[in-house]
Amino acid sequence: MTPLGHDPQARSALIRRTERACDDVCALVGERDADTVAAVRRALAEPLRVAVVGRVKAGKSTLVNALVGRRIAPTAAGECTRVVTWYRYGAPDRAELVLTDGRRRTLRIDGGLPEDLGVPAEDVDHLEVHLQAGALREMTVIDTPGLATATTENETATRRAIVGADALTANSRSAATQADAVLFLVRDAERADEVAFLRDFLAASGELGASAVNAVGVLSHADVFGSGPWDGADPVDLAADRARRLAVDRAAEVSDVRPVAALLAETARTGRLREADARTLAGLAGVEAARLRLWEQLGPPDGVPPATMTRLFELLGPYGMATGRSVGGGAEPLLRWLEDRSGLAELEALIRRRFLLRADVLKADHALEVLDRLAAGLPVPQDAAVRAAVEEARLAPELHPLREVRALSLLTRTAPDSPLVATLTALTEGTDDAARLGPHPGGDPAAYARRLAAQAQARITAAGGPAEAEAARTAARSYLLLARRLAS
Ligand SMILES: Nc1nc2c(ncn2[C@@H]2O[C@H](COP(=O)(O)OP(=O)(O)OP(=O)(O)O)[C@@H](O)[C@H]2O)c(=O)[nH]1
Ligand SMILES: [Mg+2]
């Protein structure tokens with residue numbers, strides 16, 4: 001059976017068709033715009049760009065460290081990340097500051113990035129860090145300064161990186177630096193400005209952006225959720241409940257919400273926890289909770305130096321101290337416990353399903369959106385010629401997966417109970433044609449695909465609304481294309 005979607009050949013057909021659209025457009029525009037198009041084309045061959053955004057101290061850099069598996073990004077209790085930082089796969093490990101005037105400056109990585117960059121943040125466009133970290137082979141991670149920060153230029157920098165310098169106006173030359181997808185961190189109750197920011201991002205990030213296809217929500221600081229770790233219900237469990245409700249409430253903006261305790265994930269994944277830490281922690285199992293919680297006022301428990309208490313709290317946070325001390329058995333089970341409670345593996349699985357398996361679709365859609373936006377800034381009749389080239393690409397069978405993903409997202413937003421949600425989910429998430437087709441009664445799979453196409457076709461007229469009609473129309477075409485491939 002011919003694999004599709006995630007098969008390298010089918011994958012490159014989508015990318016190749018999009019590259020062709022870039023070439024078509026390049027031939028139609030002047031030199032300056034040609035540079036933008038060239039950057040867009042280059043990005044198609046690179047890993048998916050995933051930006052981590054959210055308010056100051058939401059835990060963005062801590063999450064980046066956990067995802068990358070290195071304690072590279074500085075994290076702090078005060079406002080910390082000053083410049084947009086790209087983490088790319090590459091050897092040797094190195095960091096380069098890209099200044100707003102285009103100059104580049106090498107930075108030393110000593111264990112981690114320095115907190116002081118040596119130049120004012122406003123002179124920095126972004127920082128590029130190359131690391132040999134497995135996760136970066138598949139995605140470039142972009143850490144951003146917090147939103148609604150004390151310093152407004154940080155917020156401007158974040159918006160520039162995520163939505164493009166003039167994202168909400170036409171013709172964004174710097175749009176080539178945009179992210180393809182976003183992890184949106186929220187602490188506790190979301191705030192109006194966070195939602196507004198997310199909408200900006202979605203509005204600016206293409207037709208896909210009208211939906212939740214390229215955004216996943218993270219309810220951060222799950223370990224200190226609710227009334228905290230010292231009494232009452234387990235905060236991580238409470239955060240999981242809240243995340244489920246947020247996912248339903250915010251279905252229009254994000255495709256799902258996961259609770260994550262990034263601090264626990266960072267400690268579990270970056271090799272900072274030593275056997276001695278686990279031993280000391282286990283030794284605290286019998287200490288009264290109040291004594292641990294108020295150790296700074298009451299003094300550390302007997303025999304434990306203050307520096308050790310500080311270190312343990314830094315590594316584990318209050319939840320790791322209060323609950324992790326009962327785990328016992330040394331560093332290994334403690335690390336497993338931290339990993340499990342952090343929720344990072346579930347977030348990674350979601351990133352894989354929603355972003356990485358669809359990486360080409362997200363990249364292609366993003367590229368076409370940048371080309372469309374470029375067209376909007378061109379004079380007549382050049383603009384129409386560019387638009388026509390883009391439209392021609394969108395209608396090509398190779399780019400049909402874009403339409404599937406968009407139809408699915410529109411449907412989940414407007415008619416989440418429609419049976420077509422399952423149909424389109426299988427079509428967009430299936431790793432090969434067999435999975436896309438679903439279980440079938442045997443016999444000729446191509447004939448079965450044609451039957452499903454006819455059924456979907458019949459649904460168009462019976463649809464409960466425009467989203468369902470578009471979903472049925474899209475599925476019908478998906479099955480026809482599938483039948484054609486299976487027959488050949
Ligand atoms: N308890 C707990 N603390 C966390 C968690 N994630 C981050 N922190 C702590 O929160 C503080 C802020 O974390 P950062 O990762 O620097 O947050 P940020 O969003 O990058 O902050 P800015 O760069 O300033 O916008 C640090 O002291 C982290 O150790 C978490 O899941 N649980
Ligand atoms: Mg940060």
Side-chain angles (χ1 to χ4, degrees), residues 51-68 70-87 112-117 121 124 126-127 129 141-159 161-162 182-188 191 193-194 197 218-230 234-236 238-240 242-243 258-270 272-273 293 310-324 338-344 346-347:
V52 182
V53 302
R55 291 178 70 81
V56 175
K57 292 194 288 171
K60 301 176 293 296
S61 301
T62 309
L63 179 63
V64 167
N65 287 338
L67 286 169
V68 171
R70 296 264 294 267
R71 208 155 178 278
I72 179 87
T75 62
E79 182 176 339
C80 182
T81 308
R82 302 253 169 224
V83 304
V84 170
T85 309
W86 290 53
Y87 294 91
L113 290 170
E115 276 185 36
D116 181 8
L117 300 172
V124 178
H126 68 280
L127 176 57
V129 182
V141 179
I142 307 172
D143 190 10
T144 63
L147 307 173
T149 53
T151 41
T152 48
E153 67 266 27
N154 282 4
E155 188 163 345
T156 311
T158 297
R159 283 179 191 263
I162 308 309
V182 67
L183 288 178
F184 193 71
L185 266 65
V186 208
R187 258 189 94 160
D188 294 328
R191 309 216 347 198
D193 54 352
E194 288 176 317
F197 177 83
V218 173
L219 184 58
S220 73
H221 283 75
D223 56 323
V224 289
F225 195 79
S227 52
W230 300 105
D234 187 297
V236 175
L238 287 179
R242 174 82 179 119
R258 286 296 140 109
V260 171
L263 178 65
L264 307 191
E266 186 190 53
T267 300
R269 294 280 181 98
T270 59
R272 287 176 81 207
L273 189 92
R293 181 179 169 187
T310 305
R311 172 180 164 77
L312 286 177
F313 266 94
E314 255 177 41
L315 287 174
L316 302 162
Y319 176 74
M321 295 294 282
T323 315
L338 287 168
E339 165 79 28
D340 175 65
R341 296 315 278 165
S342 76
L344 188 66
E346 283 87 354
L347 178 67

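Residues: numbered from 1 along the sequence shown. Whatever order the structure lists ligands and atoms in, that order sets their numbers, starting from 1.
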Between [X] and [Y], is any pair of side-chain heavy atoms under 4.5 Å apart?
X    : Y    : value
N65  : I72  : yes
T81  : K60  : no
T85  : V64  : no
F225 : L219 : yes

Point to revise | Part of A76 within contact of ligand 1 (heavy atoms, under 4.0 Å) | key: backbone
Review point. For ligand 1, does D223 get within less than 4.0 Å through its side chain, its backbone, both, or neither, judged by non-hydrogen atoms?
Key: side chain
Decide whether an N or O pair under 3.5 Å exists between [X] and ligand 1.
X    : result
T75  : no
K57  : yes
V56  : no
L263 : yes
A262 : yes
D143 : no
A222 : no

Point to revise | Member of D143, V260, T75, L263 meeting the side-chain contact (heavy atoms from CB on, under 4.5 Å) criterion with L63 | key: V260
For residues [X] and [Y], report the shortest heavy-atom separation together with the two atoms involved.
X    : Y    : value
P235 : P229 : CG-CA, 4.0 Å
E266 : A66  : N-CB, 3.7 Å
D223 : Y319 : O-CB, 3.4 Å
E339 : A268 : N-CB, 3.9 Å
V84  : P145 : CG2-CD, 3.8 Å
R71  : T270 : N-CG2, 3.8 Å

Which atoms of ligand 1 are found less than 4.0 Å from any heavy atom of [X]?
X    : answer
T81  : 20 (O), 22 (P), 23 (O), 24 (O)
A58  : 19 (O)
A261 : 31 (O)
A77  : 27 (O)

**Study point:** From the candidates R187, K60, H221, E314, the one that places a heavy atom nearest atom 10 (O) of ligand 1
**Key:** H221
Point to revise | Rounded to 10 degrees, the angle OG of S61 makes with OG1 of T81 at the Mg ion (ligand 2) | key: 90°
Check your understanding: Short check: any N/O/S atom of T62 below 2.8 Å from the Mg ion (ligand 2)?
Key -> no
**Study point:** T75 near the Mg ion (ligand 2) via N/O/S, less than 2.8 Å
**Key:** no
Practice item. Examine ligand 1 and decide if any of its atoms is less than 4.0 Å from a heavy atom belonging to G59. Key: yes
